[in-house]
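Scroll down for the structure; my scribbles are underneath it.
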Amino acid sequence: QVQLVESGGGLVQPGGSLRLSCAASGSIFSINAMGWYRQAPGKQRELVAAITSGGSLNYADSVKGRFTISRDNAKNTVYLQMNSLKPEDTAVYYCNAEILEARSMRWYEYWGQGTQVTVSS
């Protein structure tokens, strides 16, 4: 069993900052890419940012220069630092990871339960 547990969402004013965390736990042999997606009401889920095990980064154009993704491989944790938040960043944010499950030695894609981020005055 593998779990992704997110934390750090909440309500923030426009221009404010939040930091999301996502910790993977369980039967983990290795983790490849980790990332954050978001889904706003009535919209499709979209990639926000991703980071590979080697440190390669990918950001959505809408968050470049404002969001920073990072990871701590020793803790199996990925972070998303969100600065200069805008109302259009309001969404449920989901953690995603490609994990080599230790018992089966197979790669699976896992999702967190989601954390709400609301940007409003």
Side-chain angles (χ1 to χ4, degrees):
Q1 291 281 350
V2 173
Q3 283 189 317
L4 301 183
V5 178
E6 300 138 339
S7 60
L11 172 65
V12 63
Q13 292 186 341
S17 298
L18 282 175
R19 188 189 194 213
L20 305 182
S21 300
C22 172
S25 63
S27 180
I28 298 170
F29 187 86
S30 179
I31 302 178
N32 188 15
M34 302 184 81
W36 292 94
Y37 289 71
R38 67 186 180 188
Q39 188 166 19
K43 294 189 176 181
Q44 289 189 333
R45 189 174 297 189
E46 63 175 359
L47 173 69
V48 176
I51 182 169
T52 67
S53 57
S56 296
L57 306 175
N58 184 29
Y59 291 99
D61 288 343
S62 59
V63 307
K64 283 180 181 176
R66 300 188 298 122
F67 291 10
T68 302
I69 189 170
S70 61
R71 64 191 280 175
D72 184 333
N73 291 327
K75 295 181 179 180
N76 290 336
T77 299
V78 63
Y79 306 96
L80 185 68
Q81 177 66 44
M82 304 185 292
N83 299 328
S84 302
L85 282 159
K86 304 175 181 179
E88 51 263 43
D89 294 317
T90 296
V92 177
Y93 284 69
Y94 296 91
C95 176
N96 173 272
E98 299 170 357
I99 294 175
L100 182 60
E101 201 273 332
R103 292 191 180 94
S104 65
M105 292 305 285
R106 290 184 176 183
W107 289 96
Y108 293 98
E109 183 179 36
Y110 292 91
W111 292 89
Q113 79 283 2
T115 184
Q116 177 70 46
V117 171
T118 302
V119 184
S120 174
S121 55

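Computation of the quantities below employed the complete heavy-atom set of this structure, encompassing side-chain atoms and omitting hydrogens, waters and symmetry-equivalent molecules. No experiment lies behind these values; they were computed from the predicted model shown.
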**Message:** Using every non-hydrogen atom in the two residues, find where Tyr108 and Ser104 come nearest and quote the distance to one decimal.
**Reply:** CE1-OG, 3.6 Å
**Asked** Looking at side-chain heavy atoms only, is the closest gap between Tyr94 and Gln113 below 4.5 Å?
**Response** no
**Prompt:** Are the aromatic ring centres of Tyr37 and Trp111 under 6.0 angstrom apart?
**Reply:** yes
**Message:** Could you check whether any side-chain N or O of Arg106 sits under 3.5 Å from a backbone N or O of Ala102, counting only pairs where one atom can act as donor and the other as acceptor?
**Reply:** no
**Fill in**
When every non-hydrogen atom of Ala24 is compared with those of Ile99, the smallest separation belongs to CB-CD1, 4.2 Å
**Message:** Quick check for you: to the nearest 0.5 Å, what is the distance between Ser53 atom OG and Ile31 atom CD1?
**Reply:** 9.5 Å
**Item:** Single-linkage hydrophobic cluster, 4.5 Å side-chain cutoff, Val48 and Val12 together
**Value:** yes
**Request:** Please assess Tyr110 against Val2 for the test side chain to side chain contact (heavy atoms under 4.5 Å, CB included), listing each intermediate value before the final yes or no.
**Result:** CA-CA 8 Å; Tyr110 292 91; Val2 173; 3.6 Å; yes
**Message:** In the structure I gave you, are the side-chain heavy atoms of Ile69 and Val78 within less than 4.5 Å of one another anywhere?
**Reply:** yes
**Request:** With the side chain counted from C-beta on, respond yes when Met82 and Arg19 share a heavy-atom pair under 4.5 Å apart, and no when they do not.
**Result:** no
**Prompt:** Can the positive tip of Arg71 be found less than 6.0 Å from the middle of the six-membered ring of Tyr79, inside 45° of the ring normal?
**Reply:** no
**Prompt:** Atom OG of Ser17 and atom CZ of Phe67: how far apart are they, to the nearest 0.5 Å?
**Reply:** 9.5 Å
**Item:** Gln44, CD: over 12 other non-hydrogen atoms inside 6.0 angstrom
**Value:** no
**Asked** For Glu109, does the CD atom have more than 12 heavy-atom neighbours from other residues, nucleotides or ligands under 6.0 Å away?
**Response** yes
**Asked** So how far is it from Glu98 CD to Thr52 OG1, rounded to the nearest 0.5 Å?
**Response** 9.5 Å
**Test item: Asn58 and Leu47 side chains (from C-beta on) under 4.5 Å apart, heavy atoms** = yes
**Message:** Rounded at 0.5 Å granularity, tell me how far CD in Gln1 sits from OG in Ser25.
**Reply:** 10.0 Å
**Message:** So, taking the atom named CE in Met34 and the one named SG in Cys95, what distance separates them when rounded to the nearest 0.5 Å?
**Reply:** 5.0 Å
**Fill in**
Scanning both residues in full, the closest heavy-atom pair of Leu80 with Ala49 reads CD1-CB, 4.2 Å
**Asked** Going through the checks in order, is the side chain to side chain contact (heavy atoms under 4.5 Å, CB included) test met by Leu20 and Glu6?
**Response** CA-CA 7 Å; Leu20 305 182; Glu6 300 138 339; over 6 Å; no
**Prompt:** Taking 4.0 angstrom as the limit, do Asp89 and Lys86 come out as a salt bridge?
**Reply:** no
**Request:** In sequence, state the C-alpha distance, the side-chain angles, and the governing distance for Asn76 and Asn73, and then conclude on side chain to side chain contact (heavy atoms under 4.5 Å, CB included).
**Result:** CA-CA 5 Å; Asn76 290 336; Asn73 291 327; 5.7 Å; no
**Request:** Could you walk me through whether Gln116 and Thr118 pass side-chain hydrogen bond (donor to acceptor under 3.5 Å, both in side chains), step by step?
**Result:** CA-CA 6 Å; Gln116 177 70 46; Thr118 302; 3.3 Å; yes
**Request:** Could you tell me whether the side chains of Ser121 and Gln13 share a donor-acceptor contact shorter than 3.5 Å?
**Result:** no
**Asked** How about Arg38 and Val63: do any of their side-chain heavy atoms sit closer than 4.5 Å?
**Response** yes
**Item:** Validation row: Pro87, Ser120 side chains within 4.5 angstrom (heavy atoms)
**Value:** no
**Prompt:** Would you say the side chain of Leu18 lies within less than 4.5 Å of the side chain of Val117, judging by non-hydrogen atoms?
**Reply:** yes
**Item:** Residues which pass side-chain hydrogen bond (donor to acceptor under 3.5 Å, both in side chains) with Gln81, listed by chain and number, not counting sequence neighbours
**Value:** Asn83
**Asked** Quick one: OG on Ser30 to CD on Glu101, what's the gap to the nearest 0.5 Å?
**Response** 12.5 Å
**Item:** Heavy-atom check, side chain of Leu100 versus side chain of Trp107, under 4.5 Å
**Value:** yes
